[in-house]
Protein chains: 2
Amino acid sequence: MTNDTASASPVAVAPEQACPITPVVDIVFSRWTTSILWTLHEYGRHRFVELERRITTITPKVLTERLRQLERDGLVVRTYHPEVPPRVEYEISDLGRSLGPLFAALAGWSVNLGKVEQARLEYDAKEPARGRRK
Amino acid sequence: MTNDTASASPVAVAPEQACPITPVVDIVFSRWTTSILWTLHEYGRHRFVELERRITTITPKVLTERLRQLERDGLVVRTYHPEVPPRVEYEISDLGRSLGPLFAALAGWSVNLGKVEQARLEYDAKEPARGRRK
DNA sequence: CAGTATCCAGACGGATACTG
DNA sequence: CAGTATCCGTCTGGATACTG
């Protein structure tokens with residue numbers, strides 16, 4: 001943090017983000033990708049159905065979409081085995097593995113989830129505050 | 001990572017996530033919240049218009065929605081000053097500040113964005129692979 | 001098994017206009 | 001200034017069915 005109020009600086013910054021971490025978030029934390037990457041990172045290689053079963057609520061269509069995206073971004077490696085029942089395996093790439101510390105930090109922060117829950121309860125309990133009364 | 005293939009473990013896990021970090025992601029990295037939190041964390045207190053100007057492409061409606069959500073989750077503190085032109089200030093809470101290391105990790109990982117871009121180029125260049133030909 | 005192909009609903013967010 | 005109110009288009013992602 002630098003100063004208060006921060007109105008002086010005229011930095012207009014490029015459209016879409018004044019914020020350097022948004023690009024990373026878009027790649028790593030879009031819907032479902034977190035679960036997929038984390039699963040692959042934590043439990044190693046998986047076949048398509050195995051992922052489907054582990055992520056329970058995901059549909060094959062969406063799983064395919066996300067896996068393609070992850071593969072394209074170089075975070076996941078897809079291996080096709082031309083066998084009689086076809087076999088495909090997905091595993092995390094080195095680049096994907098480099099997200100490890102990030103995942104650890106995320107998991108670490110989850111100790112605060114209780115505080116979030118608490119904050120929500122308090123917020124919902126107190127009547128509409130000044131300057132916002134309906 | 002534990003073992004290969006990982007098909008044996010019958011862990012069915014609760015619907016929605018086999019993955020413990022998803023809840024955190026949902027709270028912290030939903031659309032726009034990253035930019036808002038990061039801005040508040042990095043540059044301190046902001047008034048509504050200041051945020052609006054810094055995040056350039058966000059509309060007042062959406063900014064309000066996200067700020068409410070963040071306030072409810074206890075990540076941001078809203079202060080209303082009952083003055084003649086009303087003045088409202090938003091700042092990050094202690095809980096929000098505890099995301100600092102996470103943000104740092106994210107920012108650090110952005111050195112890899114080039115690799116992602118590279119991977120995309122390669123993926124797009126090579127013709128449809130085996131087992132996936134159109 | 002490992003996907004594709006369709007169809008579709010509903011949430012999300014943008015544009016615009018108005019108010020205490 | 002700091003929002004709120006409306007309207008509405010888009011696009012994601014779910015359900016379902018089919019294929020190499």
Side-chain angles (χ1 to χ4, degrees), chain A residues 5-7 15-17 22 25-27 29-36 40 45-72 76-91 128-134, chain B residues 5-7 15-17 22 25-27 29-36 40 45-72 76-91 128-134:
Chain A
T5 298
S7 53
E16 197 57 24
Q17 55 268 5
T22 305
V25 172
D26 287 344
I27 292 169
F29 300 117
S30 49
R31 190 154 160 81
W32 294 116
T33 57
T34 309
S35 299
I36 297 171
L40 258 24
R45 225 180 312 161
H46 280 67
R47 305 179 57 164
F48 190 86
V49 269
E50 289 169 355
L51 279 172
E52 221 177 331
R53 281 197 273 263
R54 215 180 257 277
I55 322 257
T56 61
T57 53
I58 200 170
T59 60
K61 177 198 156 197
V62 176
L63 180 54
T64 304
E65 289 170 355
R66 296 282 85 105
L67 283 171
R68 290 287 179 278
Q69 174 195 324
L70 258 12
E71 186 192 359
R72 187 172 108 100
V76 157
V77 177
R78 184 189 117 119
T79 314
Y80 175 75
H81 304 273
E83 302 173 356
V84 188
R87 187 163 57 92
V88 175
E89 292 192 314
Y90 293 93
E91 59 189 319
R130 252 97 279 299
R132 202 182 334 169
R133 180 150 284 157
K134 222 249 302 329
Chain B
T5 297
S7 52
E16 199 55 25
Q17 55 268 7
T22 304
V25 172
D26 287 344
I27 292 168
F29 300 116
S30 49
R31 191 153 160 80
W32 295 116
T33 56
T34 308
S35 299
I36 297 172
L40 258 24
R45 225 180 314 160
H46 280 66
R47 306 178 59 165
F48 191 85
V49 268
E50 289 169 355
L51 279 172
E52 219 177 332
R53 281 198 271 265
R54 216 179 256 279
I55 322 255
T56 62
T57 54
I58 201 170
T59 60
K61 177 196 157 198
V62 176
L63 180 54
T64 303
E65 289 171 356
R66 296 283 85 103
L67 283 171
R68 288 288 178 275
Q69 174 195 324
L70 259 11
E71 185 193 359
R72 187 172 108 100
V76 157
V77 177
R78 183 189 119 117
T79 314
Y80 176 75
H81 303 274
E83 303 174 357
V84 188
R87 187 162 57 92
V88 176
E89 293 192 312
Y90 293 93
E91 59 189 318
R130 251 97 280 299
R132 201 183 336 172
R133 181 150 285 158
K134 225 253 302 315

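Here is how names work: the chains are called A, B, and so on, in the same order as the sequence lines, proteins then strands, and each is numbered from 1.
- Axis angle, first five pairs versus last five pairs of the helix from dC1(C)-dG20(D) to dG20(C)-dC1(D): 60°, rounded to 10°.
- Rounded to whole angstrom, the span from the CD atom of Glu65(A) across to the P atom of dC11(D) amounts to 14 Å.
- Side-chain N/O atoms of Arg78(B) include one lying less than 4.0 angstrom from OP1 or OP2 on dG3(D).
- Take Phe48(B) and apply the ring-ring contact (aromatic ring centres under 6.0 Å, His included) test, not counting sequence neighbours, and it matches no residue.
- The CZ atom of Arg68(B) sits 11 Å away from the P atom of dA5(D) (whole-angstrom rounding).
- Protein atom CD of Glu52(A) is 9 Å distant from nucleotide atom C1' of dG3(C), rounded to whole Å.
- You'll find that the side chain of Val49(B) is closest to dA2(D), out of dG13(C), dA2(D), dG3(D).
- Within the 4.0 Å cut-off from OP1 or OP2 of dG3(D), not a single side-chain nitrogen or oxygen of Arg66(B) is found.
- Counting to the nearest Å, the P atom of dG3(C) and the CD atom of Glu50(A) are 12 Å from each other.
- Rounded to whole Å, atom C1' of dC1(D) lies 13 Å from atom CG of Leu63(B).
- In this structure Gln69(A) satisfies the side chain to side chain donor-acceptor pair (under 3.5 Å) test together with Ser30(A), Arg66(A), sequence neighbours excluded.
- Residues Leu67(A) and Ile36(A) approach most closely at CD2-CG2, 3.9 Å, considering heavy atoms.
- Not one side-chain nitrogen or oxygen of Arg47(B) sits closer than 4.0 Å to the OP1 or OP2 atom of dG3(D).
- A close approach under 4.0 Å does occur between a side-chain nitrogen or oxygen of Tyr90(A) and OP1 or OP2 of dG3(C).
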>> With side chain to side chain contact (heavy atoms under 4.5 Å, CB included) as the criterion, how do Val49(A) and Glu52(A) come out once you've worked through the C-alpha distance, each side chain's angles and the decisive distance to 0.1 Å?
In response: CA-CA 5 Å; Val49(A) 269; Glu52(A) 221 177 331; 3.9 Å; yes
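- Between Leu67(B) atom CG and dG13(C) atom P the separation is 13 Å, expressed in whole Å.
- Annotation for His46(B) and Leu51(B): closest pair CB-CG, 3.7 Å, computed over non-hydrogen atoms.
- Minimum interatomic distance between Arg47(A) and Pro86(A) (heavy atoms only, all atoms of both residues): NH2-O, 3.7 Å.
- The interatomic distance linking Arg53(B) (CZ) with dG3(D) (P) rounds to 14 Å, in whole Å.
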>> Counting primed atoms plus P, OP1 and OP2 as sugar-phosphate and everything else as base, spell out the protein contacts along nucleotides 14-20 of chain D at 4.0 Å heavy-atom distance: B, S or - for each nucleotide, 5' to 3'.
In response: BB----B
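- For Val77(A), the side chain to side chain contact (heavy atoms under 4.5 Å, CB included) partners two or more places apart in sequence, or in a different chain, are Thr79(A), Glu91(A), Ser93(A).
- One can place CZ of Arg87(A) at 13 Å from C1' of dA2(C), the figure rounded to the nearest angstrom.
- Applying the salt bridge (charged side-chain N to carboxylate O under 4.0 Å, His left out) rule to Arg87(A) yields the partners Glu83(A), Glu89(A); only residues at least two apart in sequence or on another chain are considered.
- With sequence neighbours excluded, the residues forming a side chain to side chain contact (heavy atoms under 4.5 Å, CB included) with Val88(B) are Arg78(B), Tyr80(B), Tyr90(B), listed by chain and number.
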